[in-house]
Amino acid sequence: MTEHYDVIVVGGGGAGLAAAVSAAERGAAVLLFESERELGGSTQLSAGMFTAAGTSVQRGLGVEDSPEAFFQHYMDLNQWLLRPGLIRGFCDRAGAALEWLIGLGVEVPAAISGDAHTPGLCRAGVEDVWRGHVPKDQGYGLVRVLDKARRAHRVEAVLGTRVQRLRTTGDRVSGVVADDVEVSADAVVIASGGLARDPELLARHYPAAARAGADLFVVAADGSRGDHLRFGAQVGAALAGDGWGLMLPTAYFQRLHHWQSGFPPKSRIHVNARGRRFMDEDASYAVSTGIIDAQPGPVWAVFDERARRALPPGYAHWDAAAVLREAEAGRTARAATLPELAELIGVPAAALTAEVARWNDQLPHGTDADFGRHETLRAKGSTAAPDPIGEGPFYAVRTLPAELVCTHAGLEIDATAAVLDERGGRVPGLFAAGEAGAGVLGARYVGGGNAVANAITMGRAAGLSAARRAA
Ligand SMILES: Cc1cc2nc3c(=O)[nH]c(=O)nc-3n(C[C@H](O)[C@H](O)[C@H](O)COP(=O)(O)OP(=O)(O)OC[C@H]3O[C@@H](n4cnc5c(N)ncnc54)[C@H](O)[C@@H]3O)c2cc1C
């Protein structure tokens, strides 16, 4: 290891790898530290879905889109609580960042995808234009391609080494300290991911996660320990994104991401404490968590025996036998009739019975006039109408946002990924990206692909800015 580098990158997930490769492409000598034994972080665990506008993939499918439309949608969904200059920069560059990945070898075919698993273009969130780009081999594929580029550029990656703190010279960040060794650099990129795995930081910066109580489970990578906040505190960096993150709605019995946990039956309705249906059960997680949070009291997924029996085998939690076990243990409500089920879960029987009857008259015949769920199902490629809910016994599974995917509280950055201080000035020599660099990910997650797009796009911006500073 030489003593001085142009650029040091802290963290080898999506943002860190994008930064390291981008800086190296500009001729910078780059060193990357990764705390875990392998590269990848949450990016490697992800579906790799990437939201972007005006891409070759969209054009290949005849989808008309532009960064301007993306910006408008992004800001509206986030109620204009984000800084327009930063978001404009992100929306302008996300498409180019995706093309860069494709140029490096990531495969995103110009094909319609119904989900986050099938390579192609899928409906990312609640927007009219399809923007969710799903790469072949998902997040794992992204990381492999970026890592190959890293090696091609001879960027050294030091694995199993958690950076302890920043090195400073005057008011300038001048390197890092890892394993008690100082390594100097002209610029440092913090790309150490989020804070989901640190309960104390979580309570402080994303207290909404605590609403899930004992049902909370974290799927973010082990390295998501909030080190970016500790680094930022050293140099008086401003924070942004406080109080925001992404929780996915799940059944109370799930403890794994849905790829392993499985999926609830298509033939189900969600009802609130008033026994009323209140949402498109397949609504994008851009909005579904907020809709559930807004309900008075608990929310229940109601389905029947036929739906339970039809659950496909092979999943850890949404499996016919597993649901039966939950019911027999008394944790999942089960009753011979809907009024009895209503009594068990404490909702008005008349309302629940009426809602099931109304749904049976609608979606099993092709349309959901109340919530438009048929359109969501069609976008997912799920065209067969669901069965009516009518064969007892009936089940009610408590449903709540409890799967913690990522956190948005981090070091405030500008559109060049420079870290800002409390007065809005740049901290000399310091850049941040991904979950560590905040301001792009807002209160409302912009449907599948927001966080990976943020990591790669702003990671690339950070790498280019850091290389420029070093030059
Ligand atoms: C199961 C799952 C599915 C997801 N699916 C999607 C999706 O399809 N689309 C989407 O947009 N988002 C998705 N997300 C969210 C998204 O993957 C992440 O927000 C994003 O990839 C974060 O990238 P990052 O580079 O900021 O962090 P990470 O990829 O987590 O990388 C940070 C790295 O820094 C390392 N590190 C931490 N501290 C230190 C330190 N002190 N020194 C050195 N190294 C350190 C960590 O070990 C880690 O490897 C998903 C997340 C999960 C968990």
Side-chain angles (χ1 to χ4, degrees), residues 8-20 31-52 94 115-117 122 124-125 131-135 138-143 146-147 157-166 176-179 188-198 217-231 245-246 248 256-261 285-286 403-408 410-411 432-438 440-441 445-460 462:
I8 288 177
V9 176
V10 183
L17 285 168
L31 179 66
L32 181 147
F33 285 101
E34 166 54 51
S35 60
E36 310 307 297
R37 284 174 193 280
E38 64 170 345
L39 296 169
S42 287
T43 309
Q44 172 151 270
L45 305 176
S46 80
M49 201 197 285
F50 190 122
T51 189
D115 51 50
H117 312 259
C122 79
R131 298 201 176 97
H133 297 75
V134 185
Q138 305 189 298
Y140 179 82
L142 288 186
V143 167
L146 283 167
D147 191 35
V158 185
L159 302 183
T161 304
R162 184 177 176 185
V163 168
Q164 294 158 280
R165 57 188 161 83
L166 299 176
V176 302
V177 179
D179 281 344
V188 172
V189 176
I190 301 178
S192 52
L195 54 86
R197 294 268 173 199
D198 185 309
F217 66 102
V218 181
V219 293
D222 291 344
S224 313
R225 302 186 195 94
D227 284 352
H228 59 300
L229 298 180
R230 300 180 184 100
F231 301 143
L246 178 65
L248 298 187
L256 300 167
H257 193 49
H258 55 248
W259 301 334
Q260 294 102 35
S261 260
Y285 50 85
E403 175 179 345
L404 178 55
V405 177
C406 58
T407 56
H408 301 177
L411 313 183
E435 288 179 51
V440 173
L441 295 176
Y445 194 82
V446 186
N450 198 169
V452 165
N454 171 51
I456 304 294
T457 307
M458 298 316 293
R460 180 153 168 74

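Just so you know, ligand 1 is whichever comes first in the structure, and atom 1 is the first atom listed for that ligand.
If you look at ligand 1, the protein residues with a non-hydrogen atom under 4.0 Å away are Val10, Gly11, Gly12, Gly13, Gly14, Ala15, Phe33, Glu34, Ser35, Glu36, Gly40, Gly41, Ser42, Thr43, Leu45, Ser46, Ala47, Gly48, Met49, Thr161, Arg162, Val163, Ala191, Ser192, Gly193, Val219, Ala220, Gly223, Asp227, Phe231, His257, Val405, Cys406, Gly434, Glu435, Tyr445, Gly449, Asn450, Ala451, Val452, Ala455.
Salt-bridge formation is detected for the pair Arg230/Asp198: a Lys NZ or Arg NE/NH1/NH2 atom is positioned less than 4.0 Å from an Asp or Glu carboxylate oxygen.
Between Leu45 and Val219 the shortest side-chain heavy-atom distance does not fall below 4.5 Å.
In this structure, a donor-acceptor pair under 3.5 Å is absent between the side chains of His408 and Glu435.
By the salt bridge (charged side-chain N to carboxylate O under 4.0 Å, His left out) test, Arg197 pairs with Asp222, sequence neighbours left out. In this structure Tyr140 satisfies the ring-ring contact (aromatic ring centres under 6.0 Å, His included) test with no other residue, sequence neighbours excluded.
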Under 3.5 Å donor-acceptor pairs involving side-chain atoms of residues 451-459, not counting sequence neighbours:
{"residue": "Asn454", "atom": "ND2", "partner": "Gly434", "partner atom": "O", "Å": "3.3"}
{"residue": "Thr457", "atom": "OG1", "partner": "Ala453", "partner atom": "O", "Å": "2.6"}

